Amino acid sequence: MMSAAHGGDIMRAPRAGKPVRGIFSPPGSKSLTQRYMMLAALANGVSTIDNALDSVDTRALAAGLATLGAGVAWPAGGALVITGVNGIFPGCGILNAVDGGTPARFLMAAACLATGTSTLDGSARLRQRPMQDGVDMLNSLGADITRVGAMQLPLRITPTELFRSGGACVVGAHASSQFISALLLVAPWLKRGMHVRFEGDPPSVSYIDLTVDCLRKVGADAAWEPSQGLGQGLGQGLGQGLGQGLGQGLGQGLGQGLGQGLGQGVGQGVGQGVGQGVGQGVGQGLLGVKPALLKRFHVAIEPDASSAAYAMALAALVPGSEIALAHLPRGSHQPDMAVFDALIQLGARDCSSEKCAAIGFGKPLHGGVLDASRWPDGSLAVMAAAAFASAPVEIRGLATLAGKESDRIDAMSQWLRNIGAVVESGADWIRIDGRSTYAKEISRDKSNMNPVVGFKATIDTRTNANLNAGANENFNAHPNTNPKANHAEIVVNPHADHRIAMSAAVAGALRGGVSISDPGCVEKSWPSFWNDWHRLLSGIEGSA
């Protein structure tokens, strides 16, 4: 089903006609922009956010924060300027998160610090996405949040003094990290701050760490706290190990036996202790945020690693390519920077400098097993690349993907099979064998490698008329002339999911013959994606 919000248009994804080289600047990080927007709205004074991402999701969050009483100004070509409310939102009303899971979950927490009752709602797809964990978490702290109807949304949110007092909550292993981040972002303005205890491994801990890092950068005292479980586990393990080692040593004799027994026993005991400590301490970790009255701040947002992942995949696949990601440091804390490491593991070349991350073609990608539990969103770019690898690629740790803008494992499996890959999948994993696709075609077949030229359309975030006029014109002017590729023309339905569309663009760049319905769904996180992608494939130095 195509997205009604973006229309039923279809456009051909441009194909790479030569090595892709240059400096590429993805838009600002969506994750960082939204976290700093929340902090600026609650801070005291006027904060500025440079290079903030202007997209459907961030506009939805901005509108919601403005409804609650924060001042939000987005000057054309300038920094995002937010006037904070010093911890208490003076307004309330209808909060429309549109398609955004993060805006919905952040606004749910923000509305608990308002002065009146608000209603949180969103699109038909957002009404289906999981919200109950966040409701339960906030209500356990004294919030008053109730469903309006049978769907996950709308929600009626009534502020309470009990919630404002803060305290402690327990989080299960399957809760979304977005709910936890939302709670942490409002925690400095709770009277007692907040302590979060995790039962089991913290979910998507990399995104929680990103939130903690943002809090620290604006002056909050937020940190993981030592857990008694770790000390207890180590102590018990060491005690058992020493006892066992002494017993073994004495039993074998006070010569070499004592030393050998002690060595074996202590080694085994330390191993047991660390295992118990991690299970009891880290598995039930504590995260604390102390109360504070945070003041205005000024930050610059890094380019979005989640968006950069698609350029990374392209550079790793096209022979002779090398792309530098302007202003995106190799050591960025954004979770999807792990895509860089995954592609390097599969055969790409690390070309990074002190100033920015850079990646290039090293050798044809080979197979492997990857754990994407810390970067599930970025895994889609790696899935697209895996369709052109010389051996199967298995990606694990994908349990959260079913509840995203689409069921991402299912949506990716559909179009990957359509281009010829053999795909197996489960609830939290996918295995892609791309050996039957046209993995080597780009390096051996020159008949279909002329880049599309003259693509000048500017994407209007209110309509896709310009976008699709430009796309159709170029489709007619530069048809795919490779019969081998033409027999496998496919249309990818992204299910209104921006990341599905972007991943299909990677495949289109490699093999040709890939068209995408609802291309405007990319507006959710990267409104100028198709223009920027075309410029990158056209080999324009300093593109985008």
Side-chain angles (χ1 to χ4, degrees), residues 35 38 101-102 104-113 120 129-147 152 155 157-216 220-234 236 275-292 335 373-374 376 397 399-400 402-403 428:
R35 282 160 172 77
M38 280 281 288
T102 303
R105 289 150 182 168
F106 283 12
L107 288 170
M108 189 191 306
C112 292
L113 294 181
L120 176 65
R129 294 181 65 182
M131 296 291 166
Q132 192 60 45
D133 282 346
V135 172
D136 293 342
M137 188 185 308
L138 292 167
N139 281 348
S140 73
L141 291 163
D144 182 359
I145 305 175
T146 57
R147 281 193 195 178
Q152 296 290 312
L155 293 172
I157 305 166
T158 302
T160 68
E161 285 301 318
L162 182 57
F163 178 80
R164 293 183 196 280
S165 67
C169 72
V170 178
V171 176
H174 300 294
S176 168
S177 66
Q178 291 176 349
F179 293 127
I180 300 162
S181 288
L183 179 58
L184 296 175
L185 291 168
V186 303
W189 291 274
L190 304 181
K191 294 177 182 178
R192 293 184 291 164
M194 178 56 52
H195 284 82
V196 181
R197 181 170 65 85
F198 298 94
E199 290 187 335
D201 295 331
S204 299
V205 69
S206 52
Y207 283 95
I208 299 172
D209 285 339
L210 189 69
T211 303
V212 171
D213 189 57
C214 291
L215 283 161
R216 288 172 175 167
D221 188 343
W224 290 95
E225 299 176 356
S227 171
Q228 293 180 351
L230 181 59
Q232 290 173 352
L234 286 172
Q236 290 173 2
Q276 292 174 6
V278 169
Q280 297 174 11
V282 177
Q284 295 184 350
L286 295 172
L287 182 55
V289 181
K290 295 182 180 179
S373 56
R374 293 178 63 90
T400 61
D428 63 351

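Predicted, not measured: the structure shown is a model, and the values here were computed from it. Side chains included, hydrogens not; waters and symmetry mates left out as well; all remaining heavy atoms used.
Using a 4.5 Å cut-off on side-chain heavy atoms (C-beta onward), P159 and L113 make no contact. Between W224 and V205, the closest side-chain pair of non-hydrogen atoms falls below 4.5 Å. With a 4.5 Å cut-off on side-chain heavy atoms, P335 and L210 count as touching. Residues E225 and R197 fail the side-chain proximity criterion, which asks for heavy atoms closer than 4.5 Å. Contact annotation: the side chain of F198 approaches that of I180 to within less than 4.5 Å [non-hydrogen atoms, C-beta and beyond]. Contact check for R374 versus D209: side-chain heavy atoms found under the 4.5 Å cut-off. F163 places none of its side-chain heavy atoms less than 4.5 Å from the side chain of T158. Annotation: side chain of L185 is in contact with side chain of R35 (closest heavy-atom distance under 4.5 Å).
Smallest separation of non-hydrogen atoms from R105 and S176: NH1-OG, 3.9 Å. The two atoms that bring A222 and V212 nearest to each other are O-CG1, 3.7 Å, heavy atoms only. Nearest heavy-atom pair across T400 and S204 is CG2-OG, 4.3 Å. Nearest heavy atom pair, residue A104 against residue L120, reads O-CD2, 3.3 Å. When every heavy atom of Y207 is checked against every heavy atom of S181, the shortest pair comes out as O-OG, 3.8 Å. Nearest heavy atom pair, residue F106 against residue A182, reads CD1-CB, 3.7 Å.
Here CG of L107 is found 8.0 Å from CD1 of I157. Values are rounded to the nearest 0.5 Å. A distance of 9.0 Å separates CZ in R164 from CG in L190, rounded to the nearest 0.5 Å. I145 CD1 to N139 CG: the interatomic distance, rounded to the nearest 0.5 Å, is 5.0 Å.
Not one N or O on the side chain of Q132 forms a donor-acceptor pair closer than 3.5 Å with the backbone of Q152. Remark: the backbone N or O of G397 is not paired with any side-chain donor or acceptor of S373 at under 3.5 angstrom. Judged by distance alone, the side chain of T160 and the main-chain N or O of G142 form a donor-acceptor pair under 3.5 Å. Of the possible polar contacts, one joining the R192 side chain to the S165 backbone as a donor-acceptor pair under 3.5 Å is found.
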- Kindly determine whether L183 and M137 satisfy side-chain contact (heavy atoms from CB on, under 4.5 Å), including the steps that lead there. CA-CA 9 Å; L183 179 58; M137 188 185 308; 4.0 Å; yes
- Let me see the working for H195 and L286 under side-chain contact (heavy atoms from CB on, under 4.5 Å), right down to the final yes or no. CA-CA 7 Å; H195 284 82; L286 295 172; 5.7 Å; no
- Check the pair L184, I208 against side-chain contact (heavy atoms from CB on, under 4.5 Å), reporting the backbone distance first and the verdict last. CA-CA 9 Å; L184 296 175; I208 299 172; 4.0 Å; yes
- Task: Please assess R147 against V135 for the test side-chain contact (heavy atoms from CB on, under 4.5 Å), listing each intermediate value before the final yes or no.
- Result: CA-CA 9 Å; R147 281 193 195 178; V135 172; 5.9 Å; no
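In this view, D144 satisfies the salt bridge (charged side-chain N to carboxylate O under 4.0 Å, His left out) rule with no residue, not counting sequence neighbours. In this view, R216 satisfies the salt bridge (charged side-chain N to carboxylate O under 4.0 Å, His left out) rule with no residue, not counting sequence neighbours.
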